[in-house]
Amino acid sequence: MYKYDQYDQAMVDTRVEEFRDQTRRRLEGKLTEAQFTPLRLKNGLYLQLHAYMLRVAIPYGTLDSRQMHALADIADTYDRGYGHFTTRQNIQYNWIKLEEAPDLLADLAKVEMHAIQTSGNCIRNISSDHFAGAAADELVDPRPYAELLRQWSSFHPEFNALPRKFKIAVIASETDRAAMRLHDIGINIVKNEAGELGAAFYVGGGMGRTPMIAPCINPFVPLDQLVTYAEACLRVYNRYGRRDNKYKARIKILVHELGAEEYTRQVEEEFAHLLGQGVEPPLAELERIRTYFEDPAFQDASNDTIDRSDPDFALWVDRNTVPHKREGYVSAVISLKPVGGIPGDATARQMHVMAELAKSYSFDELRVMHTQNIVLPHVRKATLYTLWQTLEAEGLGSPNLDMIEDIIACPGLDYCSLANARSIPVAQKIAERFASTGKTDALGQLKLKISGCINACGHHHAGHIGILGVDRKGVENYQLLLGGSEAEDVSLAKITGPGFDENGIVDAVETVTDVYTRERQDGERFLDTYRRIGMDPFKEALYG
Amino acid sequence: MAETLRYRDDEPVDHPAVTVDSFLDQSNATAVRIEPGDDARDLIPHLERLALVEVNFPAFGDGRGYSSARVLREAGYEGELRAVGDVLVDYLAYMRRCGFDAFEPDQQFDRDDVEAAFERWPEVYQAAADERTPIWAKRHA
Ligand code: SF4
């Protein structure tokens, strides 16, 4: 895990003081609300329907037990005893008072955390593979590159007022667990024929109202030019991204309007110029960061076995653990999707429990997944049963990773001021329906994602099944989409046809899954069947 | 009119800045004003005769002026670079880092706030258009 040195600590401490001063000037009336808004947004503070919401950065989704305990304490001290883990591997609190926000940020700084640039028109928290450092299939750990970019992008003077928000993801394996190509910049660390590491840059992806898959604009940027290349990508965007229309201001629109080729040409020209400007940290800095991400002291666990005599436990093992690069270890996923619960929510007590478990069983490390679950990345097989018993007792043992109950849902109309419709109750109803009919198991991997409006925070474009809440003449209405994927087989989901009301959408989801169980061939996931047979059979069943 | 803050020792230019278009048309102007949509690169062939470049920020949220400033400094411009318009105290440190050395805000600054803004940040993470040493350079000095 990365540890702050005196410089990093000075930066977050200074930020706390700066925000304290800004808040004071706002409360004294020296700053107008319009002037204060972007300042508070850059500290993750939104004004929502009922209160301020604060989003805390969890860089590349990695945290230790001390930090998780602190997040729990914050939930108790400043909120109503719970927090919400988000699709960008962050956590947000829904009931924050403006006057208390500076103290909250100070508490975060004590455990090397912050809310810097978790909102606003700037470079946001960098996300990454939640199995980084543990995955059997990764080339290298992508997090050192993400950390390098975190530092570069924090308080970047030139890019503090971009046309729109800017999201970067870094991965380093062929399997994409971070929706890399649906980011403003997606970086994949790759090896060239000479065996050297470099960065493939994908620019101009995104969800929102105009979803786009990022094209590759450079398949291999050498590691000692990584920051310079990112700077070139951003400068072209800052200079030419549209500012006349908020809905056309993301970089995907610029790349689309210029064409990937022309955008690339401009970036390369800027890059050639910037190479002479000394903006690149030395490789020694990357090396320094890398030392924090070395393997923990794995034991020889090759003889570990799993006693499967308890069937509930065996089911959880099958569903919620994934292979690890070290023999005898797995990564264990703690589901924050109990049937009937709010996807991604955890109570302070649950956070404390997860922190303790990480300390006892996972080398003091936890990860937040973009699917709003928590990972214990390095767990010995021999300790799984004890671990699971605790999870079960705390309501954290749902065996549903990547199943239809493992729904991604944005906060929707229950919290969000931009929402057209509620997301959470729909997620709850769908999970309850499939849990009660017992169909979940038979469906296998099925990623269902719900957004409460076109902004797509719930990633509905990337769902095998997606649901989008819209407003139809003042009534909440839900559109159904099929065939999306955020993984390495990335695709955008398509709308089936007319929308449904709240109960209708639950039925509609069941209808399309019935088509799948009827039509599927050996080993096909829902997505595979959809891709083979196309939309028509589903439409027929829904509207025929 | 709010006071102009200047962090340079030379004499200020005493005639008004012209638009980029008129500057490119007439050969004697030494002061020019860049609007957000202008391409700062158009000035690069003429930097020798420029003594003042004003970069207008009609709205503080439009950040194109930051890039304009760096483009000019990176091209070797050493004259006055002045941020004008909706220039707010909370952005002064960023502007300074991008190469601005004068500020002419629509609304008068509070002196104490200005001082606090420039003194606040003990360190910086990036190399930019100022002389500050980035953290990474200090780590590997
Ligand atoms: S998708 Fe819309 S409703 Fe949901 S959180 Fe985002 S902005 Fe709010």
Side-chain angles (χ1 to χ4, degrees), chain A residues 5-8 10-11 13-15 17-18 21-22 25 30-32 34-39 42 120-122 148 150-163 227 231 234-241 243 270 273-274 276-289, chain B residues 36-41 44 57-71 73-76 86-100 107 109-110 112-113 116-117 119-130 132-141:
Chain A
D5 63 4
Q6 82 267 25
Y7 298 112
D8 298 306
M11 294 304 273
D13 289 344
T14 305
R15 174 59 137 202
E17 288 321 308
E18 181 188 47
D21 182 54
Q22 289 166 342
R25 283 185 284 129
K30 274 173 115 176
L31 284 170
T32 65
Q35 290 169 342
F36 181 62
T37 298
L39 301 175
K42 279 195 208 143
N121 295 335
C122 51
L148 187 75
R150 181 189 77 82
Q151 297 187 24
W152 161 75
S153 60
S154 295
F155 317 109
H156 197 294
E158 184 177 345
F159 307 134
N160 85 86
L162 294 169
V227 164
E231 186 127 339
L234 263 295
R235 179 174 289 176
V236 173
Y237 171 55
N238 190 45
R239 298 187 78 208
Y240 300 112
R243 293 180 188 257
E270 194 64 63
H273 159 75
L274 284 171
Q277 294 297 323
V279 298
E280 189 76 33
L283 272 181
E285 175 60 3
L286 196 52
E287 289 306 327
R288 184 191 74 87
I289 295 172
Chain B
D38 290 333
D39 187 348
R41 288 221 177 83
I44 291 177
F57 288 83
F60 71 87
D62 185 335
R64 285 177 282 188
Y66 295 94
S67 288
S68 299
R70 269 188 84 178
V71 163
R73 288 299 188 211
E74 287 169 6
D86 194 12
V87 176
L88 304 178
V89 75
D90 290 286
Y91 303 90
L92 287 182
Y94 290 139
M95 289 182 162
R96 198 64 199 273
R97 298 220 63 216
C98 289
F100 287 105
Q107 304 253 313
F109 293 134
D110 177 317
D112 291 344
D113 291 344
E119 282 177 3
R120 177 164 285 123
W121 293 95
E123 307 292 346
V124 294
Y125 271 127
Q126 316 78 5
D130 55 359
R132 300 196 67 174
T133 307
I135 288 171
W136 47 257
K138 293 188 176 180
R139 282 178 178 143
H140 302 281

(message) My understanding is that only residues two or more places apart in sequence, or in another chain, count here; which of them pass side-chain hydrogen bond (donor to acceptor under 3.5 Å, both in side chains) with A:E285?
(response) A:R288, B:R139, B:H140
(request) Could you tell me which of A:R15, A:E18, A:E17 has the largest number of non-hydrogen atom pairs under 4.5 Å with chain B? (result) A:E18
(request) Can you run down the salt bridge (charged side-chain N to carboxylate O under 4.0 Å, His left out) pairs that involve residues 151-161 of chain A, sequence neighbours left out, and say none if there aren't any? (result) A:E158-A:R235, A:E158-B:R70
(message) Please determine whether a side-chain nitrogen of the Lys or Arg among B:D130 and B:R73 lies less than 4.0 Å from a carboxylate oxygen of the Asp or Glu.
(response) no
(request) Check whether A:N121 gets within reach of chain B through its side chain, its backbone, both or neither, counting any heavy atom under 4.5 Å. (result) neither
(request) Please state whether the side chain, the backbone, both or neither of A:E270 comes within less than 4.5 Å of a heavy atom of chain B. (result) side chain
(message) Just by distance, no angles: are the side chains of B:Q126 and B:W136 close enough, under 3.5 Å, to form a donor-acceptor pair?
(response) no
(message) With chain B as the partner, which of A:A161, A:S154, A:P281 has the greatest number of non-hydrogen pairs under 4.5 Å?
(response) A:P281
(request) Say whether, by atom type as modelled, one donor and one acceptor occur between the side chain of B:D86 and the main chain of B:F60 under 3.5 angstrom. (result) yes
(message) For chain A, which candidate among B:E74, B:E123, B:R97 shows the most heavy-atom pairs at distances under 4.5 Å?
(response) B:E74
(request) Report the option among A:Q22, A:H273, A:R25 that has the most heavy-atom pairs separated by less than 4.5 Å from atoms of chain B. (result) A:R25
(request) List the atom of B:V71, the atom of B:R41, and the distance in Å for their closest heavy-atom pair. (result) CG1-CG, 3.9 Å
(message) Students often mix this up, so state it plainly: with edges at 30° and 60°, are the rings of A:H156 and A:W152 parallel, tilted or perpendicular?
(response) perpendicular
(message) For A:R239, which atoms come within 4.5 Å of any heavy atom of chain B: side chain, backbone, both, or neither?
(response) both
(request) Would you mind checking which part of A:D8 comes under 4.5 Å of any heavy atom in chain B, side chain (CB onward), backbone (N, CA, C, O), both or neither? (result) both
(request) Check each atom of A:L274 against the heavy atoms of chain B and say whether the ones under 4.5 Å are side chain, backbone, both or neither. (result) side chain
(message) Report which part of B:V89 has an atom under 4.5 Å of a heavy atom belonging to chain A: side chain, backbone, both, or neither.
(response) side chain
(message) If we define contacts as heavy-atom pairs under 4.5 Å, which of A:G276, A:A10, A:P157 has the most with chain B?
(response) A:P157
(message) A quick test of your reading: do over 12 heavy atoms of other residues, nucleotides or ligands sit less than 6.0 Å from CD of A:E287?
(response) yes
